[in-house]
Participant: 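The structure is given below, and queries will be raised subsequently.
The figures that follow rest on heavy atoms only: side chains count, while hydrogens, waters and symmetry mates do not.
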Amino acid sequence: MPTLEAQLREQLLADLTEPQREAVTCTDGPLLVLAGAGSGKTRVITRRAAYLAGTVATPAQVLAITFTNKAAREMRERIDALRLAGGLPVATFHAWCARTLRIHHERAGVPREFTILDTDDRRKVIKDATLAAELSPTNFPPARVENLISQAKNALRLPDRYEQQAVDWEQRAVARIYAAYEKLLRRMACLDFDDLLLRLALLLAEDAELRDRLEEQHRYLLIDEYQDTNAAQYQIARLLTQQRRNLCATGDPDQSIYGWRGADIRNILSFEHDYPEARVVRLEQNYRSTQRILAVADALISGNVRRKQKRLWTENPAGAAVRVVECETYADEAELVAREIGQAKTAGTRLDDVAVLYRVNALSRALEEALLRAGIPYQIARGVEFYNRKEIKDVLAYLRALVNPADEVSLLRAINVPPRGIGETTLERLVGHARAAGRTVLEVIQADDLQAVGRVAARVREFGVLWAQLRPLLEGPPFAALGAVLRESGLRAYYGEENDPDEGRRRNLDELLNAAREYELQQPEATVLDWLEHTALIGDVDAVREGTGTVTLMTLHAAKGLEFPVVFIIGLEDGLLPFRRENDQPADDEEERRLCFVGMTRAREVLTLTRARRRMLRGKTEYTTRSEFLEEVRRAGVEWISTETTSPSRSRHPDAGALPEDAEEWAVGTLVRHPRYGLGRIEEIARGARRTHVRVLFESGHEQAWVLEFADLTRVDFHEVD
DNA sequence: AATATTCCCGTTTTT
DNA sequence: CGGGAATATT
């Protein structure tokens, strides 16, 4: 009869290569797995987790940490599929930190019922903090301040030290805003994303007892994508492995793409220095891509100077040539991609197997239109759009305000949706009273002496009653609470016919209800608070599903960790990929190169890189310059295609060469169409330095003057009229 | 107070 | 071009 360990070996190791096996089986002590793109890293890490759980530890004693929810879900599924390590915790850094902070809230000095600020609210609070610091949000744009504070937190720098280290006037100002911001967060009993890491890192640093307890609980720590750790995460990893030193870090320096949010590639590069006794396993055989794709990707990444040399190789077939297609305009580019996908589909490719990747979300629009026209279904992974929708934020604000009444942003949002006639002035008074009396806004709302607030006191009082009525919902599960809030608050009624004629908002709310129910099925014991935390930490990117029969559109960042037989990367233009901002500090082109490398190595069989010679971004069409990345792969055996001018208006006119510039297409006598007024003719036109003014006479006799750039006018060509 | 309108701004990537 | 904020309107 075979021993358990022999069975495990058979099941977990049989189909692994030698280095993969080593990574799975060397159980104790620090281990660094340098896993090139497509080298079977996820497979190794899941096997390792299961192996640990079956030999030297129980499943609960192994903790696997990822960066994205997507990665966590995939790992969870694959570990479950092995059926050897049920109950093995898999979580993102942020989710695990949130949970741990909640459990040990007293030691951590955070409120037990803290809520997590979403990106929008955080910006709002930062703006308030700027005002509280007696500075102007105009001079200190919230987005910029937010970024600086985020960087500071990720670097474990608190306001005091930030101020000490400030070297210029901006930093000194930001130090004040930062301090004010922290004060506001404390008053609101809120944490932001970065706090989750920061607070836990600080807690672990000062609380040796807790540290030991946690390490005892999680004897084996696995951290995926270690190249993306920032200072806080690095600190947490180190502090959790001080005694046993059982840290297994996996990653690939060539895929480090999160420097902009504080990730420090040196964390992985100096692993061997941090853990001198570490074992290092290199996975360099690629099982994913064709030789040609790999050759192109390698040619690109070789352009990075600050880089550990690495050879990625494959036994896969040579495959089709990687193509570079230069198009005339962004519309041509989108059409080309749509056409190619259509052809591939006809030739038998499943749409699930196709992905279109781009550097910035804005590039998806033209693609969407082209795919729509071509009748090709697609799904998009985009930011946090769903949870940013008004109706979603509205109802979540209620739940947040119920859980954590100190969360004023949520409370003040909820108080007037649906509109209850409680306006800005009233809110200001409420806040004013609360501050003056040293009470919370909710206490003021529920106090008896409301008349000071003015005529709308009755309405405010009603809301206070509603709050108290809804509050007991927190005892129950999230789905029921959500439904009740929608009903009792009047939100559901509000988003009826007249406020939501096309049912979009109602559908979104239904989708949210579904999400809550689904979550409840997964986590039967979960409270409303748990669910709120979940929604705060999950994004739309995670909604991308397989097997939908659709093409997938996403950013290069979102594509990490995925693979597709057919991949398009669009917009290979200077300034776009590599991305650069005009008055930006020294841009990190090496990170951009890695990002492009990540995109290329998502492709299994067919890779196409495109670029448009003219691109419209932020409303202006501009000539572009070819990306240096294209030059760099030029001699790696790509097939270069340059499409000729095929813009429809030109091909239809034989004398296309004489076609005037756009600006001259508007003149007195030009026929135009307006969505409201219909057909008309330009009577007068006046060109200023920046603006062009026009006066238009419509068929109806109506006359109207506009600034041309802002008028919703389209030119009507003669051949379209007859 | 709510809604309609204008205008002004910026502008990456994500937990 | 598109969203958010300031501004005008009812």
Participant: Looking at every heavy atom in both A:Leu396 and A:Thr535, which two are closest together, and how far apart are they?
Facilitator: CD1-OG1, 4.4 Å

Participant: Does the aromatic ring of A:Tyr258 sit over the six-membered base ring of B:dT14, closer than 5.5 Å centre to centre and tilted less than 30°?
Facilitator: no

Participant: Give a yes-or-no answer on whether the side chains of A:Tyr494 and A:Asp394 include a donor-acceptor pair shorter than 3.5 Å.
Facilitator: no

Participant: Heavy-atom nearest nucleotide on DNA chain B for A:His557 versus A:Pro419: which residue maps closer to 5'?
Facilitator: A:Pro419

Participant: Distance check needed: C:dG2 C1' versus A:Glu368 CD, whole Å only.
Facilitator: 14 Å

Participant: Decide if the gap between the ring center of A:His94 and the ring center of A:Phe67 is smaller than 6.0 angstrom.
Facilitator: no

Participant: Please give, in whole Å, the distance from B:dT14 P to A:Leu595 CG?
Facilitator: 10 Å

Participant: Rounded to the Å, how far apart are A:Asp589 CG and B:dT12 C1'?
Facilitator: 14 Å

Participant: Would you tell me if any nitrogen or oxygen in the side chain of A:Asn147 comes within less than 4.0 Å of OP1 or OP2 on B:dT12?
Facilitator: no

Participant: To the nearest Å, give me how far apart CE (A:Met554) and C1' (B:dT12) are.
Facilitator: 17 Å

Participant: If you go through the side-chain atoms of A:Trp260, does one of them form a donor-acceptor pair with the base of B:dT13 closer than 3.5 Å?
Facilitator: yes

Participant: Are OP1 or OP2 of B:dT14 and a side-chain N or O of A:Thr555 less than 4.0 angstrom apart?
Facilitator: yes

Participant: Taking the cut-offs as 6.0 angstrom to the six-membered ring centre and 45 degrees off its axis, would you call A:Arg261 and A:Tyr258 a cation-pi pair?
Facilitator: yes

Participant: Using a cut-off of less than 4.0 Å, is there contact between a side-chain N or O of A:Asn361 and OP1 or OP2 of B:dT13?
Facilitator: yes

Participant: Rounding to an integer number of angstrom, what distance separates C:dA5 and B:dT12 when you compare their C1' atoms?
Facilitator: 23 Å

Participant: Rounded to whole angstrom units, what separation is found between the NZ atom of A:Lys124 and the P atom of C:dG3?
Facilitator: 17 Å

Participant: Contact class for A:Phe93 (heavy atom, under 4.0 Å): base, sugar-phosphate, or nothing?
Facilitator: nothing

Participant: For the ring pair A:Tyr519 and A:His534, is the centre-to-centre distance below 6.0 Å?
Facilitator: yes

Participant: Quick check for you: among B:dA2, B:dT15, B:dT11, whose closest atom lies nearest to any side-chain atom of A:Ala143?
Facilitator: B:dT11

Participant: To the nearest Å, how far apart are A:Leu196 CG and B:dT14 P?
Facilitator: 19 Å

Participant: Phosphate oxygens OP1/OP2 of B:dT15: is one of them under 4.0 Å from a side-chain N or O of A:Thr68?
Facilitator: no

Participant: To the nearest angstrom, how far is A:Ile149 atom CD1 from B:dT15 atom C1'?
Facilitator: 17 Å

Participant: What's the closest nucleotide to the side chain of A:Asn69 if the choices are C:dC1, B:dT15, B:dT12?
Facilitator: B:dT15

Participant: Between B:dT13 atom P and A:Gln151 atom CD, what is the distance in whole Å?
Facilitator: 16 Å

